[in-house]
Structure formats: structure tokens, C-alpha cells
Amino acid sequence: APTFDVQPIGNSVCLDGSTPDLSVSYINGTGSASYQWYSSADPSAPLPWTAIFGATGATYSPPTDVVGTLYYYVVITFDGSGGCSEITSDVVSIEVLPQVTTTSTPSVEDICVGGTAQDLVVTHTVGAGNVSYQWYSNSTNSNTGGTLISGATSDTYTPDPGPFGLVGSYYYYVEIDYDAAGCDPAISGVYTVNVVADPTVTIAPLGPLSYCQGATADALVSTSGGGLGAVFSYQWYENNTNNNTTGSAIGGATGSSYVPSTATVGVMYYYVEITQPASGCANVSIPVEVEVTLAPTFDVQPIGNSVCLDGS
């Protein structure tokens with residue numbers, strides 16, 4: 001009895017993409033063979049499906065000009081007196097998908113110098129075949145003409161913080177590509193990372209300041225500005241060395257001003273660190289010198305005496 005030795009093979013393509021012909025061949029059987037291809041949008045519909053006009057050969061070229069999935073099979077009928085029955089091929093699908101488009105809005109993020117940007121994420125419609133990604137950086141606000149970022153080949157990209165040591169705007173975009181026939185690459189919009197200068201902070205009075213032990217010191221008052229936003233957090237530090245890097249955080253000293261202790265004789269240096277919610281937005285003031293000396297005492301007291309009138 002005749003049987004198929006080549007069955008049709010289904011495929012997925014993008015709109016208007018080309019797909020290999022559906023093709024069959026058979027072995028055995030007697031007499032001349034005639035072919036008729038059938039199609040349906042419903043794979044569960046009872047056979048026979050709709051006969052495709054003119055599709056009467058061993059191959060058939062399915063259309064790909066309409067989005068959707070159609071199912072196909074072919075029936076081969078044998079004439080003559082050999083008594084060979086007709087044979088029906090496997091049912092296969094040809095899926096036609098629309099061109100891929102992005103569905104996410106590119107992010108715009110502001111950070112300070114030295115900050116870290118959040119992940120850039122792209123979402124998109126589904127195309128045909130296997131998807132690939134390639135991210136690009138750009139010096140202008142454009143999604144063309146960028147520089148390919150080596151290794152940035154997924155739907156998420158974490159920007160390299162290296163360039164963020166300089167104030168400026170940095171731009172990124174991603175190309176999404178499906179490898180099936182007819183699938184055009186989709187280019188995302190532009191993702192932006194704006195890098196601004198760190199906030200500034202000064203302390204008044206500038207110092208050096210000098211107090212007697214136990215006296216009430218003047219408050220050191222910080223003035224902050226710049227960076228991103230108007231919200232600042234504070235942490236004051238004390239140091240026995242004149243620098244603003246190796247001090248010890250003062251417990252509870254988290255306001256915009258701080259009154260130094262004068263309980264201990266010696267020289268201490270005070271500075272404040274400010275931070276803002278945005279990444280990288282922080283700075284420290286220059287140290288203020290505060291000297292605490294012993295309170296003054298008499299080393300010679302007056303001595304009383306008794307003398308006669310007009311005596312010395």
C-alpha cells in the first residue's frame with residue numbers, strides 16, 4: 001500500500017516572510033497519483049477541510065500575507081485498477097506572526113557623579129523563531145549610529161558605571177531580532193541616564209575654634225545644595241587628624257547642625273557627610289578644627305596683711 005516517505009513540515013514566519021513549500025512524496029502504490037491540499041483555521045474541524053483551489057501538486061506554497069495560523073494537509077488519490085486507497089498526510093501549521101514591536105517605555109534616570117544606574121529593561125511582542133538582543137550606547141539622543149556594547153545580549157542591561165564619573169547624559173537602545181523568515185529587527189526607544197554634579201556642603205563657622213573646657217561651643221551649621229532634589233541626610237564625624245576620610249561617626253549626630261563637646265581637653269576635627277536618595281549623590285565637608293583648653297585658674301592669689309596707719 002502507498003505510504004508517505006516525506007511529510008509536510010510546518011513553520012513559523014513573520015508577516016510576508018517566505019516559508020519553504022509544503023512538500024510530500026510517497027512510496028509504493030499503483031496508477032497515477034493526484035493531489036489535493038486542504039486548509040482550515042481550526043485544527044479540530046472535521047475532515048475534509050476546505051480544498052485549496054489550484055493546490056493540486058506534490059508541493060504547495062502557503063501564503064504569509066495575513067497574520068494568523070492555518071493548518072494544512074494533502075490527500076493523494078490513486079487511479080487505475082490497482083485498488084490503492086487514498087492516503088492523507090500529517091496536518092501541519094503555518095503560523096504567521098506580526099512584526100515585533102517594543103511594549104516598554106524607555107527609562108530616564110538621574111544620578112550623581114559616581115552613581116550606579118538601574119537596569120535597563122525592554123519588553124516586546126512575540127515574533128517568529130528565536131529572539132536575540134543587542135544593546136548599544138550612544139553619545140546623542142538617538143537610536144541609530146550607536147556603539148555596540150560587547151556582551152550586552154539579553155533583554156536586560158546593567159549600564160557600565162565607568163563613564164558616570166563625568167557629568168553628562170548617556171544614551172542607550174536595544175535591537176530585538178527574531179531569526180524567522182520575514183522578521184525585521186525592532187529598535188527600542190532611547191534610554192537615558194543623566195549624571196549631575198554631586199551636592200555641595202559647607203560648615204559655618206569655619207574655624208579654627210577655641211573653647212575652655214566645659215564651655216558651650218557654638219553650633220556647627222551645615223549648608224547643603226545641588227545634587228538631585230531637596231532631601232538631604234546627615235552624619236557628623238569627629239577625628240583627631242585633620243582630614244575628612246578617617247573620622248568616626250558620632251552616634252545620634254544626624255541633623256544639619258552639631259554642637260561639639262568641650263568635655264575633653266585637646267584638638268578635634270569635625271565634618272559632616274550628606275547624602276541624597278539618588279544613586280551617588282553624596283559629599284563631605286572640609287573639617288573644622290575645635291580646640292578645647294583647660295579653664296583659666298589663679299596661680300598667684302592676693303595675700304592679706306596688717307599695718308599701722310600710713311604704713312606700707
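Because the structure is a prediction, the values reported are computed rather than measured. Nothing fancy with the numbering, it's 1 onward along the sequence.
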Open item on the list: Less than 3.5 Å apart, any donor N or O on the side chain of Thr103 or Thr123 sitting next to an acceptor on the other?
Closed with: yes

Task: Minimum heavy-atom distance between Asp198 and Val113, given as atom pair plus value - done: OD1-O, 3.4 Å

Task: Approximate separation, where rounding is to 0.5 Å, of Ile176 CD1 and Gln134 CD - done: 12.0 Å

- [ ] Check Ala180 against Gly129 and note the closest heavy-atom contact, atom names and distance.
- [x] CB-N, 3.8 Å

Task: Side chains of Leu120 and Thr158 in contact at under 4.5 Å (non-hydrogen atoms) - done: no

Task: Any side-chain donor near an acceptor of the partner, Asn243 and Thr241, under 3.5 Å - done: no

Open item on the list: To the nearest 0.5 Å, what is the distance between CD1 on Ile9 and CG on Leu22?
Closed with: 9.0 Å

TODO: Measure the spacing between CG of Asn283 and CZ of Phe232 and express it to the nearest 0.5 Å.
DONE: 10.0 Å

Open item on the list: Any donor-acceptor pair under 3.5 Å linking the side-chain atoms of Ser132 with those of Asp177?
Closed with: no

Open item on the list: Under a plain distance cut-off of 3.5 Å, with no hydrogens placed, do Asp5 and Ser25 share a side-chain donor-acceptor pair?
Closed with: yes

Task: Parallel, tilted or perpendicular: rings of Tyr26 and Tyr35 (30°, 60°) - done: tilted

Task: Distance-only polar pair, side chains of Ser142 and Thr144, donor-acceptor under 3.5 Å - done: yes

Task: Tyr270 OH to Asn239 CG distance, which is reported to the nearest 0.5 Å - done: 10.5 Å

TODO: Starting from the C-alpha separation in whole Å, work towards a yes-or-no answer on side-chain contact (heavy atoms from CB on, under 4.5 Å) for Thr56 and Gln36.
DONE: CA-CA 5 Å; Thr56 56; Gln36 179 61 60; 3.6 Å; yes

- [ ] Of all the heavy-atom pairs spanning Ser222 and Val272, show the shortest one and how long it is.
- [x] CB-CG1, 4.0 Å

- [ ] Take the angle between the ring planes of Trp49 and Tyr71 and call it parallel below 30°, perpendicular above 60°, tilted in between.
- [x] perpendicular

Open item on the list: Just checking Phe164 against Tyr170, ring centres under 6.0 Å apart?
Closed with: yes

